[in-house]
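If you read the sequence from its start, that first residue is 1, and numbering goes on from there. Quick caveat, the model's predicted, so the values are computed rather than measured.
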Amino acid sequence: MGVDPPAALGRDLVLELVRVTEVAALAAGRWIGRGDKQSADQAAVDAMRLVLDSVSMSGVVVIGEGEKDEAPMLYNGEAVGNGTPPEVDMAVDPLEGTRLTSLGQPNAIAVIALSERSTMFFPGAAVYMDKIATGPELAGAVDITAPPAENVRRAAKAKGVSPSSITAIVLDRDRNQELIEELRACGATVNLITDGDVAPAIAAARSEETGVDLMMGIGGTPEGVIAAAAAKCLGGSVQGRLWPRTADERQLLVDGGYDPDAVLDTDDLVGGENVLVAASGVTDGTLLKGVRYGAERAETDSIVMRASSRTVRRVQAEHSLEKVARFAALVTG
């Protein structure tokens, strides 16, 4: 007796997902500039969790807010959706850029990615990953095992420009300082970001629109998985290597069956072509506009992507604040 193929992750589902990120962005957006990143994050989590349960899917959170005992909602391994097919893996970041939101700074987003069940990489004990993300034009040109200057030269050659025309986004952390210095030494433009590397990875995959060629450096492992899902939808590429912080963490990975030195490509991080991604802007950024509030209505700017058809849609929506309040405890005043 044959086994039925998995239900397709189709157009209807990707449009349901954007409802999820929109309401998370609307809930978090009320905390912009209030200096309270925990409340902003909790508002996004609560709103996303409530709407997810109405989505037609049987989902498991592979990349969430942490382990069950540490995260009140959207924890790793949690079942979400209304229980109907398709069966999917899910990576969520209800608010990428909690600090950005609290300070009113650019590039905070709400984002979610789906793939078929058992196709999404679970990073185990690895909190950080060294990664490089590109768009379609550079997908075959760079190699994470090569020196940064060599990757800039390869990117420049692939684009037919000089190294000084290449722009890389890097998370501004001490652990990335050597990378930053090497990129600058070879003439590349380096844009430093203070938080969040999903939006920059998507920006790199849409280089013609954003002017970003590469996203490089050591950032969060969960963000690497979401970035790979987006790259798959956009024809881009993500390469990563787990970056254990200590010898003990490295041993935990080895004991868990991971090879910390292995290069993980886009397919290793998210398998297959049945992949969906939705993201909504919370604050203004390179990729998306932030939430705009009026007296009775609000506006959101979102992007939704589907790997199987390589479809990318921009969704600009108006929302009744009265209706949205059913799903999110919106702060006023």
Side-chain angles (χ1 to χ4, degrees), residues 9 11-32 40-57 59 61-65 73-74 80-81 88-98 100-101 106-115 196-203 205-206 222-223 225-227 229-230 233-234 275-293 298-307 311-319 321 323-330:
L9 309 186
R11 300 178 187 88
D12 293 342
L13 183 53
V14 77
L15 293 176
E16 284 196 75
L17 290 186
V18 78
R19 291 194 304 111
V20 175
T21 57
E22 284 171 345
V23 76
L26 286 163
R30 285 300 201 186
W31 292 93
I32 294 172
D41 191 37
Q42 191 64 58
V45 171
D46 290 345
M48 181 175 278
R49 182 67 183 83
L50 186 60
V51 179
L52 270 175
D53 273 346
S54 70
V55 176
S56 299
M57 65 180 180
V61 177
V62 176
I63 304 292
E65 294 285 285
M73 296 182 183
L74 294 171
V80 292
V88 296
D89 286 347
M90 178 184 301
V92 300
D93 199 339
L95 180 57
E96 188 200 38
T98 56
L100 299 175
T101 301
N107 289 313
I109 63 171
V111 62
I112 186 169
L114 295 188
S115 64
D197 53 6
V198 172
I202 297 175
R206 293 179 66 81
E223 289 84 351
V225 176
I226 299 175
C233 295
L234 296 167
V275 180
L276 309 176
V277 178
S280 298
V282 177
T283 60
D284 286 342
T286 305
L287 182 69
L288 295 165
K289 295 179 182 177
V291 179
R292 300 285 192 274
Y293 297 98
E299 297 179 0
T300 55
D301 183 27
S302 304
I303 186 170
V304 292
M305 300 172 274
R306 186 175 179 223
T311 303
V312 179
R313 289 181 171 89
R314 293 296 293 260
V315 180
Q316 294 179 320
E318 291 188 0
H319 308 266
L321 292 180
K323 298 295 185 182
V324 172
R326 294 163 50 199
F327 302 102
L330 300 179

Looking at [atom1] of [X] and [atom2] of [Y], how far apart are the two atoms once the value is rounded to the nearest 0.5 Å?
| X | Y | atom1 | atom2 | result |
| --- | --- | --- | --- | --- |
| Lys289 | Arg314 | NZ | CZ | 8.0 Å |
| Ile112 | Leu52 | CD1 | CG | 4.5 Å |
| Met57 | Leu114 | CE | CG | 5.5 Å |
| Tyr293 | Leu321 | OH | CG | 8.0 Å |
| Asp301 | Leu288 | CG | CG | 5.0 Å |
| Ile202 | Cys233 | CD1 | SG | 9.0 Å |

Sequence-distant partners of [X], salt bridge (Lys or Arg N to Asp or Glu O under 4.0 Å), two or more places apart:
| X | value |
| --- | --- |
| Asp41 | none |
| Asp46 | none |
| Asp93 | none |
| Arg19 | Glu16 |

Arg313 (side chain) donor-acceptor with Thr311 (main chain) under 3.5 angstrom
no

Exam field: side chain Asp197 to backbone Glu223, donor-acceptor pair closer than 3.5 Å
no

Shortest non-hydrogen separation from [X] to [Y] and the atoms involved:
| X | Y | value |
| --- | --- | --- |
| Ala25 | Gly281 | CB-O, 3.6 Å |
| Gly290 | Asp284 | N-OD1, 2.6 Å |
| Pro94 | Ala110 | O-CB, 3.2 Å |
| Ala108 | Thr283 | N-OG1, 3.0 Å |
| Ala44 | Ala27 | N-CB, 4.4 Å |

Qualifying residues under side chain to side chain contact (heavy atoms under 4.5 Å, CB included), relative to [X], sequence neighbours excluded:
| X | value |
| --- | --- |
| Ala199 | Glu96, Ile109 |
| Ala205 | Leu234 |
| Ala227 | Ala201, Val238 |
| Pro200 | Ile169, Ile193, Met215 |

Determine whether Val277 and Arg306 satisfy the following criterion, side chain to side chain contact (heavy atoms under 4.5 Å, CB included), listing intermediate values before the conclusion.
CA-CA 7 Å; Val277 178; Arg306 186 175 179 223; over 6 Å; no

Tell me every residue that passes side-chain hydrogen bond (donor to acceptor under 3.5 Å, both in side chains) with Thr21, counting only those two or more places apart in sequence or in another chain.
Ser280

Residues at least two apart in sequence or cross-chain that pass side-chain hydrogen bond (donor to acceptor under 3.5 Å, both in side chains) with Thr98, listed by chain then number, are none

Is the shortest side-chain heavy-atom distance between [X] and [Y] below 4.5 Å?
| X | Y | result |
| --- | --- | --- |
| Thr101 | Leu95 | yes |
| His319 | Glu299 | no |
| Ile303 | Arg206 | yes |

For Val92 and Met48: C-alpha separation, side-chain torsions, deciding distance, then whether side chain to side chain contact (heavy atoms under 4.5 Å, CB included) applies.
CA-CA 9 Å; Val92 300; Met48 181 175 278; 4.0 Å; yes

Quick one, Leu276 with Leu13, criterion side chain to side chain contact (heavy atoms under 4.5 Å, CB included). Give me CA distance, side-chain angles, the key distance, then yes/no.
CA-CA 8 Å; Leu276 309 176; Leu13 183 53; 3.8 Å; yes

Show your working on side chain to side chain contact (heavy atoms under 4.5 Å, CB included) between Thr300 and Gln316 and close with a plain yes or no.
CA-CA 6 Å; Thr300 55; Gln316 294 179 320; over 6 Å; no

